[in-house]
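Working notes for the structure below.
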Amino acid sequence: DDIQPSGHNHNEPKQNKLVREKTGIYKFTGLHGNKYRGGGVLSDAMVEQYEEDGVIVIRNLISSHLLDKLDEASATLVKEHQEGAGVKKMKRQQFHMVKNHAIFLGVPSPSADKQSCSSSNEHEVCIPDAENDDATSSNDETMSAFRHVAMYSKIPRVAASLLRLDELRVGGAEHLNLPRQLPGDPEPSHTIDDNINLRICRDIFLTKDDDEYACGWHVDDTGFWPSIASDPGVNAWIALDDMPYQWSRKNLPKHLAADNERPPRNHTAVATFALSLGSHRAPWRQEAYAVTGSTHTLPPEGFLSAADMIRRRSGKGTCNIKTSAPHLYEKLEENKIVYDIKKGDVIFHDRWLFHRTVTVAEYENQLKSELGESLKLERSDKIFRRYSIRYSPGSARVPPGYGVEPSVLYNAANANLTLNEIVESDGPWYPKVWPLLKKNEDPDNIEGLAELVHEKMPQAEIARDERKKEIRMALRKGGGP
């Protein structure tokens with residue numbers, strides 16, 4: 001069987017070979033015929049179920065070779081973080097590590113084609129340092145795994161189909177998967193809109209340890225998803241460690257396959273990911289946006305300053321819905337789903353689906369509730385890794401006003417422009433990932449990428465650090481002058 005859905009109860013044609021399972025997760029094991037989209041991964045029923053639930057999980061979508069590279073790259077980041085000078089474990093940290101813009105790692109500098117010199121002879125002729133050059137090249141290749149999975153795997157093709165951009169680009173679903181045009185065939189009756197594309201709006205590598213603090217039910221604000229509220233988006237959340245959740249089968253919703261078998265007694269607590277099914281279309285979602293101060297509540301013109309942001313932002317904070325609106329918290333918990341995740345699984349979820357981290361402490365409490373308070377648990381020092389890629393159409397618009405978006409901090413004229421417009425005028429801040437690259441295009445030699453990574457981004461990061469200081473000071477002052 002090619003794709004094995006875990007619990008979606010739909011009357012699919014038999015030739016689609018969709019088989020009910022108990023985990024809520026689809027397994028990808030090969031390409032389908034022309035009735036499937038997203039690179040041969042998605043059926044129409046899967047897209048419809050995604051639109052209803054706001055989430056779909058697919059296993060085996062990333063090749064084992066690429067997953068190994070991603071594992072190596074992420075382990076390198078964690079090691080560098082832990083070995084960094086002055087890095088100390090602090091309490092009440094939402095994440096152990098946060099690395100924005102991982103897609104820009106492993107990009108050779110504009111001078112990389114120049115040889116490094118270990119020494120020079122009496123005529124001042126460079127003696128190449130081959131060992132150092134080889135090490136740099138090897139490290140660049142390793143770290144480029146983030147870029148390769150985010151841009152050139154099947155993931156962006158699935159994201160484009162979940163947003164139905166494939167339909168929009170060809171003028172309707174009836175024009176999808178038509179036979180290949182051959183020489184001498186009549187011209188197709190439909191037109192292709194080349195302005196419709198998919199871009200990476202933001203990508204973040206994250207790790208969670210056993211810290212008990214985590215952000216409560218929320219949707220990502222502009223700091224993590226820099227486009228205005230009317231823009232759609234899909235988050236591809238990639239697990240880089242196993243995150244078993246032994247209650248998944250018992251707690252699946254009615255339209256997913258479930259059973260009453262007792263879960264295996266796994267006594268190892270993990271930090272994992274919870275989503276609230278259907279919350280992206282719930283009738284009370286606008287109230288939830290208001291109490292968390294989501295992007296929907298921002299003034300159309302944007303904020304004027306850090307103090308203005310603190311004074312005019314609505315709600316009681318992005319992460320605090322449990323205390324600011326307990327009745328909404330209960331609704332979100334009622335529809336909670338936590339998948340039994342394996343390394344390499346990809347959770348695709350709607351931009352506006354409420355989600356939160358499940359901490360090690362919460363997991364331990366659930367184990368004790370299930371197996372008895374006397375259960376002895378040992379805390380693991382394991383770090384749980386995940387890589388999150390936020391995809392939006394190229395027509396998505398970066399918010400205006402005061403903020404921390406690097407492209408705007410580097411060039412204020414980029415505010416309130418679309419991702420397409422910014423890339424066209426100022427370089428690949430938001431790389432295009434769909435439609436696919438043409439065969440003659442080099443995926444690691446995107447025009448302007450080296451300049452962006454090694455010249456523009458460092459300037460933007462300095463400006464962002466200054467902005468964050470201003471925001472912290474305004475918070476301490478309560479929004480006063």
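The first residue in the sequence is number 1, and the count goes up from there. Remember, it's a predicted structure, so these values are computed and weren't measured experimentally.
For the pair R390 (side chain) and N235 (backbone), a donor-acceptor distance under 3.5 Å is absent. A donor-acceptor distance shorter than 3.5 angstrom exists from the side chain of R281 to the backbone of E52, with no hydrogens or angles considered.
Screening residues 95-104 for side-chain hydrogen bond (donor to acceptor under 3.5 Å, both in side chains) gives H96-T207 as the qualifying pairs, with residues at least two apart or on separate chains.
A perpendicular orientation is assigned to the rings of Y245 and Y363, their planes being inclined by more than 60° (bins at 30° and 60°).
A cation-pi arrangement is present between R467 and Y402, with the terminal nitrogen or guanidinium carbon under 6.0 Å from the aromatic centre and inside a 45° cone about the axis.
Atom CG of N365 and atom CG of L367 lie 9.0 Å apart (nearest 0.5 Å). The distance from the OG1 atom of T222 to the CD atom of E405 is 8.5 Å, given to the nearest 0.5 Å. Annotation: the span from I337 atom CD1 to L277 atom CG amounts to 5.0 Å, rounded to 0.5 Å.
Between H296 and W352, the distance from one ring center to the other falls under 6.0 angstrom. Taking the six-membered ring wherever Trp is involved, the centroid distance between the rings of H218 and F354 does not fall below 6.0 Å. With ring centers used as reference points, F205 lies under 6.0 Å from F146.
For the residue pair E212 and T359, the shortest heavy atom distance occurs at O-CG2, 3.7 Å. The two atoms that bring Y387 and I204 nearest to each other are CD1-O, 3.4 Å, heavy atoms only. Nearest heavy atom pair, residue I155 against residue A236, reads CG2-CB, 3.6 Å.
For E466, the salt bridge (Lys or Arg N to Asp or Glu O under 4.0 Å) partners are K469, not counting sequence neighbours.
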